[in-house]
There are 2 protein chains.
Amino acid sequence: MIIHEDDKGLGFLLGDAARLLRKVIDRRLQPFGLTRAQWAVLAMLASRDGLSQSELADELEIEKSTVGRLIDHVEASGLVERRPMANDRRFWHVHLTEQARPLITQVTEVILATRTEMLKGLTAEQQGRLGDGLAVVKSNLSAALEAATQLPRPS
Amino acid sequence: MIIHEDDKGLGFLLGDAARLLRKVIDRRLQPFGLTRAQWAVLAMLASRDGLSQSELADELEIEKSTVGRLIDHVEASGLVERRPMANDRRFWHVHLTEQARPLITQVTEVILATRTEMLKGLTAEQQGRLGDGLAVVKSNLSAALEAATQLPRPS
DNA sequence: AGCATATAGTAAGCAAGCCAACGGTTGCGA
DNA sequence: TCGCAACCGTTGGCTTGCTTACTATATGCT
């Protein structure tokens, strides 16, 4: 009765699901001129406007060079604005523009609809367990990454 | 007690976990001169040698243009060979080379070790439920993608 | 004061996805 | 038989991601 797609392994399953999700969202956001990655930036700023690029990189867990390019795009689209900081000229605060607000409310609906569609057929409890499981996996992988990075073993 | 990383939503969680997994595997496969995507090709050929590129694209669920470039890489590494098909000169069969075999057994161990590491702290039943949940999500997303694609409704 | 170090952001290069468009083969139908 | 449709693979262009290296600015230590 259970689906048990074990042929390809959980790792591939995880990658496939994530890739599919990106594909679906990219398509649905195309009419808005956005991609999934750009939306992640906007969504973060919607709740915490004025973050610096490095803070954004930390929150989104991607590299700062990637964040820089993403902001180039959304800034070119006029959705975001880099404002210099007075006391420290090294970094910028990234702010949403006026025209971003209405677009964000629209896109949020699309995203939420997609999420419920993606979780169709799962009970609330199953969804919770899925989230818990993914969180465990994520923290295991973070640990593995750090362990691999610090080659100098602390003995 | 439960981790419940719901702030960013299940979609982001899924993407984050998948991105981390790719990062970890890419690092661990770097000594072998492989990436995660190239490994996917080799793993598929290991069980079904001689597939065509289109068949590979179907199995791996990625575009044929992506498959073509992946094969360019692994072919340049000497792990794979494009053999013309006699009766139909349109396509090639992709075959593993001799030197690929031992490498595949080595890499398989790394991959399996990473999988168990990624699932550390989850019981077998939890792992099963995680896989089932992901499979449901994946099939929901596939359906969403197809629905979006076929604009001409068959009425 | 002055130099070393750390930090914010940028730039260049590569891999992997996608899409769209093209060229070469095959095969079917008029 | 001829031509058109379908199919396989390639190419080019775009976005995102990582890595590494670089510039500019701050800060801290001597």
Side-chain angles (χ1 to χ4, degrees), chain A residues 12 15-30 32-41 50-58 60-77 80 82-94 145 148-149, chain B residues 12 15-30 33-41 51-58 60-77 80 82-94 145 148-149:
Chain A
F12 286 109
D16 290 349
R19 188 150 27 78
L20 264 175
L21 176 60
R22 179 165 57 78
K23 208 166 161 181
V24 169
I25 292 189
D26 278 347
R27 289 224 189 152
R28 298 194 173 172
L29 259 46
Q30 192 171 358
F32 301 95
L34 283 180
T35 66
R36 174 175 142 92
Q38 293 165 15
W39 164 247
V41 172
L51 289 176
S52 75
Q53 295 190 195
S54 291
E55 289 169 324
L56 269 170
D58 281 348
L60 299 175
E61 302 178 70
I62 55 182
E63 299 302 313
K64 51 182 182 167
S65 60
T66 305
V67 169
R69 255 188 321 201
L70 282 176
I71 295 181
D72 288 346
H73 288 309
V74 284
E75 186 176 39
S77 305
V80 133
R82 281 179 167 111
R83 295 188 198 158
M85 191 181 173
N87 11 356
D88 193 331
R89 276 182 301 177
R90 279 176 302 179
F91 54 97
W92 307 79
H93 285 178
V94 186
L145 201 60
T149 300
Chain B
F12 286 109
D16 290 348
R19 187 151 25 79
L20 264 174
L21 176 60
R22 179 166 56 80
K23 209 166 162 181
V24 169
I25 292 189
D26 278 347
R27 290 229 186 147
R28 297 194 174 173
L29 259 47
Q30 191 171 358
L34 283 180
T35 65
R36 172 174 143 92
Q38 292 165 16
W39 164 247
V41 171
L51 288 177
S52 74
Q53 295 189 196
S54 289
E55 288 169 325
L56 270 169
D58 281 349
L60 300 174
E61 302 177 73
I62 55 182
E63 300 303 311
K64 50 183 181 166
S65 60
T66 303
V67 169
R69 273 190 278 249
L70 281 176
I71 295 180
D72 288 346
H73 289 308
V74 285
E75 186 175 38
S77 306
V80 134
R82 280 178 167 110
R83 296 188 199 157
M85 193 182 172
N87 9 356
D88 193 332
R89 275 181 302 176
R90 277 176 302 179
F91 53 97
W92 279 273
H93 285 178
V94 185
L145 202 60
T149 300

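Values in this document were obtained by computation on a predicted structure and should not be read as measured data. We name chains A, B, ... by the order of the sequence lines, and we start the count at 1 in each one.
A straight line from CD of B:Gln53 to C1' of D:dT11 spans 13 Å, rounded to a whole angstrom. Straight-line distance from the CG atom of A:Asn87 to the P atom of C:dA8: 14 Å, rounded to whole Å. For B:Trp39 and C:dA15, the CH2 to P distance is 20 Å, given to the nearest whole Å. Across the protein-nucleic acid pair, A:Arg22 atom CZ and D:dG17 atom C1' stand 10 Å apart, rounded to whole Å.
Residues A:Asp26 and A:Arg36 approach most closely at OD1-N, 2.8 Å, considering heavy atoms. Looking at every heavy atom in both residues, B:Phe91 comes nearest to B:Ser52 through CD1-CB, 3.9 Å.
Each of A:Ala86 and B:Val67 was matched to the nucleotide of DNA chain D holding its nearest heavy atom; the match closer to the 5' end belongs to B:Val67. Residues A:Ser65 and A:Thr35 each lie close to DNA chain D; by heavy-atom proximity, the contact nearer the 5' end of the strand is made by A:Thr35.
The distance from the CD atom of A:Glu63 to the OG atom of A:Ser54 is 10.5 Å, given to the nearest 0.5 Å.
For B:Arg82, taking side-chain heavy atoms from C-beta onward, the closest of the listed nucleotides D:dT10, D:dC18, C:dA8 is D:dT10. Side-chain atoms of B:Arg90 lie closest to D:dC8 of the nucleotides D:dT16, C:dG17, D:dC8. Closest to the side chain of A:Arg27, out of D:dG9, C:dC19, D:dG17, is C:dC19. Which of C:dG9, D:dT16, C:dC18 sits closest to the side chain of A:Leu70 comes down to D:dT16.
Within the nucleic acid shown, A:Arg69 comes within 4.0 Å of at least one base atom, counting heavy atoms only.
Side chains of A:Val67 and A:Ile71 form a contact here, defined as non-hydrogen atoms less than 4.5 Å apart.
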